[in-house]
Number of protein chains: 2
Amino acid sequence: MIKERLSKLRDLMKKYNITVYLIPGVDPHQSEYLPELWKRRHWISGFTGSAGDVVVTLDKAGLWTDSRYFLQAEEQLKGSTIDLFKVGLPETPSIEKWLYDNLTENDVVGFDPYLMTFSYFNELKSILDKKNIKLKSIDENLVDIIWTDQPDLPSDKVYLHDIKYSGESTQDKIKKIQKKLEELNQDVHIISSLDSIAWLYNIRSNDILYTPVVISYAAIEKDNAKLFVKLSKIDEATKKELGKDIQLYDYYKFSNYLKEINQKKLNVFLDKATATYKMVETLQNCNLYFAESPIVLFKAIKNDIQIEGFKNSHIRDGVAMVKFLYWLKNNIEKEKITEISASEKLKEFRAQQELFVDLSFETIAGYKEHGAIVHYTSSKETDVELKREGIFLIDSGGQYLDGTTDITRTIALGEPTSEQKKMFTLVLKGHIDLAITSFPVGTVGKQLDTIARKPLWDNGLNYGHGTGHGVGHFLGVHEGPHAISFYRCKGDALVPGMITSNEPGFYKAGEYGIRIENLVYVTEDRDKSSDEFKFYKFENLTMCPIDLNLINKSLLNKEEIDYLNKYHKEVYEKLSPFLNEEEKNWLKEKTRAI
Amino acid sequence: MIKERLSKLRDLMKKYNITVYLIPGVDPHQSEYLPELWKRRHWISGFTGSAGDVVVTLDKAGLWTDSRYFLQAEEQLKGSTIDLFKVGLPETPSIEKWLYDNLTENDVVGFDPYLMTFSYFNELKSILDKKNIKLKSIDENLVDIIWTDQPDLPSDKVYLHDIKYSGESTQDKIKKIQKKLEELNQDVHIISSLDSIAWLYNIRSNDILYTPVVISYAAIEKDNAKLFVKLSKIDEATKKELGKDIQLYDYYKFSNYLKEINQKKLNVFLDKATATYKMVETLQNCNLYFAESPIVLFKAIKNDIQIEGFKNSHIRDGVAMVKFLYWLKNNIEKEKITEISASEKLKEFRAQQELFVDLSFETIAGYKEHGAIVHYTSSKETDVELKREGIFLIDSGGQYLDGTTDITRTIALGEPTSEQKKMFTLVLKGHIDLAITSFPVGTVGKQLDTIARKPLWDNGLNYGHGTGHGVGHFLGVHEGPHAISFYRCKGDALVPGMITSNEPGFYKAGEYGIRIENLVYVTEDRDKSSDEFKFYKFENLTMCPIDLNLINKSLLNKEEIDYLNKYHKEVYEKLSPFLNEEEKNWLKEKTRAI
């Protein structure tokens, strides 16, 4: 089937006079998760992972994906004639390098200008120019032409995110952007990032799994605000409410709108990270200004009402987690519990909580050696039963109207080995050391990442992922502009109101995985601050016990033990009012001082 | 005088039809320290600091400089009609912002295309374009036209840096660059950074204070290597030796050379950081490739012979330091010793050492409150006598044929207060914690910077400078591409053979300054490395005692105490063979185990 699709694509490529076609795993909005109609890379290759790009030439095809998906991709590409390129291995060329190495002056690389960002276009062009390899923008997506039963845009209704949760009116948000336009001497700001639009207009929908955004474009002009969206998604009442602040247009009228502002030769502010080649091509008469959209930072700094909602949703989420852990503890080996059924049970507990809407991402439930696969997703083929032995890692989260959660707990289902206890305690030390850090104004996440790794480094160990990511408010579970990571160079400075995860880990391939993750928010540290130095610190949002059975207390210092006991005391106080007697007693034991 | 110069400059500006002229504090080679003839910003403004840019309009003039020079600039600008812009204060606009805010469409900003990098030109243009403010490149430097007694290019002889010190032949270095050219499909690599050229061709001279470089340009083509240099600087023997590998041309023939390669339409590899607007303008028919010059990394990774030389030069430098400290201890209040005379005495001790050529930077000798001024330079006006009280900070270094040194010691001249001991010990903790850190392959300096700051952060304190900089081999005392700093985002990963300083500090304005600085080199940590994780660590180069009188031992943990005792033992073993009996006894006491 894949072979047939590739063959049809190659026929089209010849018709369009191109020798290479790029099929990136993105949508026109540069989303992390895609709606069905834009899963073109999946359709052409059969590969279902969340990250991966395909390149098709007249006689070859390749998929580039990262280590999370090496096994899955190998499996899914079998018989497809598509080669797997393992991103991150030293021997693997980047797509750009591969194109440069394998193409000649006669080659023409076709691409969809709605999918390629202008910044990536420039990067690619600067490389291919060196060999005079041409790039050709083709408005029609070639996969769409052959994908006869491609779904339509989602029809789910748009709903408003109440100001009692968002804490800021749409009107006020629009005014903030308009003030920026004035400062920057720009006429209009174009926004294509779905989470930015959802934040700006206080709207949500179910267009994309796990992230309650609305497929749309937005434009803020000096004296008005526009939303381009499938109009049938908006009922009359919502239309009336939205219409107070916003002009509504059909989603597909966005192209015309760009042409109009091009004729007017406006000064246009485009978001550097997400502006597409198509936008820039259309706006050729305009003065273009590229920078990070101010929405990115506005959205990341939560207001007091949002922080309050985060705290409340984390208590409910903690109650669900504790009920789940208590149930697991009591029913393991009594009934058949597998990675998948445990995940489903946890979802049930979450769904019983108020204001719950959906999960915030696909639950990672990794038993024993599966825990060592960082982005493991249990499937029918890999699912295993949990027993009274070994280590179980569960990373999950919920979307609540008042906040988004993301928590990882690692628990011993039997008696852990002393090695496992040592590794868990080293990870816990890093987690705690980061949690109790104070840091001066201007500190970026990359500087703090080291603190969480240090206990592992001291033992010649490490983990291969970042330590923290921003989290949206009833929006994407991953958001910028900050991050606690050695990867990210350009992470913005942490400021009060930002949310980040704190999730160091350790993974022993083939045996077990350990990760301890809380969400925290940044706040001022009044004790450490002075006239000369202003300091910030973290406060926990996540409320859920950390498995004492996995701790080797002798490896913790006094400060770390104090923190743990204080955290557990807070967990008990906040969650116990919502638990029954047995659960309460169990939690009391699980949060005892050590 | 300054007013007259500005008035002449403004007459010229009118003649050239510009309303603004930029006088940056740089030379055509983007050097850190400038030769006399290119100190144009100094000449036009009277300001002698090492960093600062001047902007002159038809009725205003401003100097932009950083906090190191606020006091000095205020003093030196008195009566000049030049306004001081204090870079780094929240209320101070950048030059670009100031131009944007203060100019209109009718303004034309003139600049010297030999001084402006192409990357800065693009940055500036993108800002000024928004208001249609024009930029005009003017080949003649307008300051040069009115600076009638401007010095000529320095005439100091060029000499070869012997392979017994450099450890790698010129021929081999050239071949490495030519290999890169081939890989990148480029015809020629243009180099204007003086330390890169000195490294590449194993040449040195005295053109610039403290940094033994040769004012020149270089071009590496596929089959030859060119050096553009004032030919009278090279005597016959050197010419013969250099001529084996390099074609020599006059310095001012470089412009013609660029025109020639432009006619040939070559593929030209320019260094992103230092390529000037003039180069790009001249090479308009060429295919230009912008990236970091491969020399930057080659130069930073020292070979075994260079590391050996670094070790040896640091022993000699340590001997000079110990002799100085012993002399100071015994002569203070016996003879009149001031910040300046102490610095001169230290230079004498260094000059007695083998292979000594010069200091590697201007000594910072800060007594009491002067120590809190991070880049303090003692002058006749500020010089004070040292007494048997207070804290003395001395930051100094030497250029030896086999290595470059940079060391800071802070010593108590009397009985320190308990606050001073606490602060010194916190700084020492950071210094030691960084010194004993192991870190995995791929770690960049920014990640390690936090380790040195953590003990201060834990007490609500911090310091405002980076923790470590690269050091050239008998070259610039500051070099990239790595750095241990919160400032630098793009610092390269640390790899074995790199040198860095380890220099945390604490500064109490108006009272005292503390800094402890060793140079270290990166090497593999075989104890911590495993098949899965490869770890690196630091080894000390600097050999000189750390003042035990300033330590509050109760604030150090066991690991830190062990390190200190081991370090002091090594210092004694390495330096004592070169000391007389009294000095030896004194050092024994100063390096005693605590």
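To find a chain, count down the sequence lines: A is the first, B the second, and so on, and within it residues start at 1. Just so it is clear, the values below take in all heavy atoms, side chains as well, and ignore hydrogens, waters and symmetry mates.
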With a 4.5 angstrom heavy-atom cut-off, is it the side chain or the backbone of A:D525 that approaches chain B, or both, or neither? neither
Heavy atoms of other groups near A:E532 CD, more than 12 under 6.0 Å: no
Select one option (side chain, backbone, both, neither) describing which atoms of B:K534 are under 4.5 Å from chain A's heavy atoms. neither
Measure B:F439 against the heavy atoms of chain A and call it side chain, backbone, both or neither at under 4.5 Å. both
Can you spot which of B:Y289, B:F269, B:F290 makes a ring pair (Phe, Tyr, Trp, His ring centres under 6.0 Å) with B:H189? B:F269
Just wondering, are more than 12 heavy atoms of other shown residues or ligands nearer than 6.0 Å to CD in B:E559? no
Presence of salt bridge, B:D187 and B:K222, under 4.0 angstrom: yes
Measure B:D449 against the heavy atoms of chain A and call it side chain, backbone, both or neither at under 4.5 Å. side chain
With a 4.5 angstrom heavy-atom cut-off, could you sort out which part of B:D458 is near chain A: side chain, backbone, both or neither? backbone
Look at A:A509, A:S438, A:P440, A:S126 and state which one has the largest set of heavy-atom pairs under 4.5 Å with chain B. A:P440
Would a 4.5 Å heavy-atom cut-off, applied to side chains only, mark B:Y507 and B:R515 as touching? yes
A:L461 portion near chain B, given a 4.5 angstrom heavy-atom threshold: both
Quick check on side chain to side chain contact (heavy atoms under 4.5 Å, CB included): which of A:V188, A:N287, A:L184 does A:N267 satisfy it with? A:N287
